[in-house]
Amino acid sequence: MPDPSTAQTRSPATTLVTAGRPAHEPDQPLNVPITMASTYGATGGLEYGRYGNPTWTAFEEVLGALEGGRCLAFSSGLATVATVLDLVGRGATVVAPRHAYNGTVMQLADLESRGRLTARLVDVTDTEGTAEACADAALVWLESPTNPALEIADIETIARVAHDAGAYVVVDNTFATPLRQRPLTMGADLVVHSATKYLAGHGDAMLGALVSRDDQLYDVLKGRRDLVGAIPGTLEAWLALRGLRTLHLRVDRAESNARTLADRLRSHAQIEEVRYPGFGGIVSIVLAGGPDAADRADRLVRSTSLWVHATSLGGVESTFERRRRWKSEPATIPEGLVRLSVGVEDVEDLWADLEQGLDGSV
Ligand SMILES: *Cc1c(COP(=O)(O)O)cnc(C)c1O
């Protein structure tokens, strides 16, 4: 392990490459091994496979160092969301963006329908309205940018108001990654990730994680993970760690590709609207054509050879989908909206494939 005092001063790129490694000693591997174990010799710190695993720990060290807190890995992003939402007491009010990740909104609706809590969905671009909604909340859930509307929340202001109300502040940082936004430095208590997306980055593993800046809150959540067993697979944690080593390279390349594509798409005749927050690799486009926009979007996603029609995001490979094909997508998302997850391919190849698809979609 690197000396933590020097690790503090190093840049994220160096942390991504160097954190979570075995000690540099003769015959030690440079990479942490995949430890397949359901139990350990008694009286040490680990004891049983549900309580800890050295491969998870290596992943957690890297993400914790990047976000600036203590990390816990989970079996998926949504297992992490469920564990965090379980922090609030019966009948509590939870404020969340109406355009938060669909699974998060569905969990809130499910908990509300069973009388467990009250969900108050807000427009997070309306800082004043969101602040008012926080008055009697126990937990304020933020996501910025939102998915797929790509709205930006004023995290610092909302966190301040939420804390005055005594609420926990949680930020789902999946889209921005800790390389573009560090919510714990902006007032959040917890950061949540679907590591399935950018962190793992290769479309081959599902994993979730949270990072806490408070030791007591970390202990409570570690206790919940121990108890309910929403633990990561060892191989998945190792794959995500392998992915993290190149996160900075992948995010930089996806972002520069996304920027170029967003600029060109803005002046394309078949596009009514381009949503790009100015950073990251996700671009949402709304096709022109009024009532025909949904059909055009459906034709577009079937007409490319490089862009893959698939859900999910944040992989090396460029993917896209019309979001309203999902029944659970809110009606406030336009029918003709296609979310692009821009990968790390050559941008001219991506543009040529997209342009011929758009020209053929009319
Ligand atoms: C995918 C996603 C999730 C859910 O994560 P899974 O790993 O699919 O369970 C949560 N939040 C955001 C923003 C996501 O994109």
Visitor: Is the backbone of Ile158 close enough, under 3.5 Å, to the side chain of Thr130 for a donor and an acceptor to pair up by distance?
Guide: no
Visitor: Okay, side chain of Gln270, backbone of Leu287: is any donor-acceptor separation there less than 3.5 Å?
Guide: no
Visitor: Does a side chain donor of either Thr146 or Glu151 reach within less than 3.5 Å of an acceptor in the other side chain?
Guide: yes
Visitor: If every non-hydrogen atom of His99 is compared with every non-hydrogen atom of Thr332, which pair is closest and at what distance?
Guide: NE2-OG1, 2.7 Å
Visitor: Do the side-chain N and O atoms of Asn102 and Arg323 include a donor-acceptor pair separated by under 3.5 angstrom?
Guide: no
Visitor: In terms of side-chain heavy atoms, does Thr246 have a donor or acceptor partner in Arg250 at a distance below 3.5 Å?
Guide: yes
Visitor: Does the pair Glu348 and Arg264 meet the rule for a salt bridge (Lys or Arg N to Asp or Glu O under 4.0 Å), with working shown?
Guide: CA-CA 11 Å; Glu348 297 303 335; Arg264 293 185 190 176; 2.9 Å; yes
Visitor: Arg339 side chain to Ile282 main-chain N or O, any donor-acceptor pair under 3.5 Å?
Guide: no
Visitor: As an exercise, state the distance from CE of Met206 to CG of Leu78, rounded to the nearest 0.5 Å.
Guide: 7.5 Å
Visitor: Donor-acceptor check, side chain of Glu61 to backbone of Ala19, threshold 3.5 angstrom: yes or no?
Guide: no
Visitor: Counting N and O atoms only, with roles assigned by atom type, does the side chain of Thr83 sit under 3.5 Å from a partner on the main chain of Arg225, one being a donor and the other an acceptor?
Guide: no
Visitor: Students often mix this up, so state it plainly: with edges at 30° and 60°, are the rings of His309 and Phe320 parallel, tilted or perpendicular?
Guide: perpendicular
Visitor: Tell me whether Lys222 is salt-bridged to Asp226, with the criterion being a basic N under 4.0 Å from an acidic carboxylate O.
Guide: yes
Visitor: Test Glu67 against every option in His193, Arg182, Gln181 by the side chain to side chain donor-acceptor pair (under 3.5 Å) rule and name the one that passes.
Guide: His193
Visitor: Run the salt-bridge test on Arg70 and Asp215 with the 4.0 Å N-O cut-off and return the result as yes or no.
Guide: yes
Visitor: With hydrophobic residues grouped by side-chain heavy-atom distances under 4.5 Å, do Val81 and Leu217 end up in a single group?
Guide: yes
Visitor: Between Arg213 and Ala188, is there a donor-acceptor pair closer than 3.5 Å when you use the side chain of the first and the backbone of the second?
Guide: yes
Visitor: Under 4.5 Å between side-chain heavy atoms, counting indirect links through other Ile/Leu/Val/Met/Phe/Trp/Tyr residues: same cluster for Leu150 and Ile333 or not?
Guide: no
Visitor: Assess the residue pair Arg180 and Asn173 against the criterion (side-chain hydrogen bond (donor to acceptor under 3.5 Å, both in side chains)); give the C-alpha distance rounded to whole Å, side-chain angles, the decisive distance to 0.1 Å, and a yes or no.
Guide: CA-CA 9 Å; Arg180 294 295 179 267; Asn173 205 29; over 6 Å; no
Visitor: Hey, mind stepping through Thr93 and Leu117 against side chain to side chain contact (heavy atoms under 4.5 Å, CB included) and telling me if it holds?
Guide: CA-CA 6 Å; Thr93 294; Leu117 52 74; over 6 Å; no
Visitor: If I take atom CZ from residue Arg322 and atom CZ from residue Arg296, how far apart are they, to the nearest 0.5 angstrom?
Guide: 14.0 Å
Visitor: If you count every heavy atom of other residues, nucleotides or ligands that lies below 6.0 Å from Arg242 atom CZ, does the total exceed 12?
Guide: no
Visitor: Which one of Leu207, Leu72, Ile231 satisfies the side chain to side chain contact (heavy atoms under 4.5 Å, CB included) criterion with Trp56?
Guide: Ile231
Visitor: Does Arg275 come within less than 4.0 Å of Glu273, counting only side-chain N to carboxylate O?
Guide: yes
Visitor: Any salt bridge linking Asp86 with Arg116? Criterion: basic side-chain nitrogen under 4.0 Å from a carboxylate oxygen.
Guide: yes
Visitor: Is a donor on one side and an acceptor on the other found under 3.5 Å between the side chain of Gln356 and the backbone of Asp353?
Guide: yes
Visitor: Can we say Asp110 and Arg114 salt-bridge, meaning some charged N sits less than 4.0 Å from an Asp/Glu carboxylate O?
Guide: yes
Visitor: Is there a chain of hydrophobic side chains (I, L, V, M, F, W, Y, each step under 4.5 Å between heavy atoms) that links Leu111 to Met106?
Guide: no
Visitor: More than 12 heavy atoms of other residues, nucleotides or ligands under 6.0 Å from CD of Gln216: is that the case?
Guide: no
Visitor: Any link between Leu87 and Val211 through a network of hydrophobic side chains (Ile, Leu, Val, Met, Phe, Trp, Tyr) touching at under 4.5 Å?
Guide: no
Visitor: Quick one: list whatever passes salt bridge (Lys or Arg N to Asp or Glu O under 4.0 Å) with Asp172, sequence neighbours left out.
Guide: none
Visitor: Does a donor on one side chain and an acceptor on the other come within less than 3.5 Å for Glu345 and Asn257?
Guide: no
Visitor: Checking Glu321 against Arg325 for the side chain to side chain contact (heavy atoms under 4.5 Å, CB included) test, could you report, in this order, the C-alpha distance in whole Å, the side-chain angles of both residues, the deciding distance, and whether it holds?
Guide: CA-CA 8 Å; Glu321 68 171 338; Arg325 77 191 177 92; 2.9 Å; yes
Visitor: For Asp214, is there any backbone N or O sitting under 3.5 Å from a side-chain donor or acceptor partner on Ser212?
Guide: yes
Visitor: Please check: side-chain N/O of Thr80 versus main-chain N/O of Leu210, any donor-acceptor pairing under 3.5 Å?
Guide: no
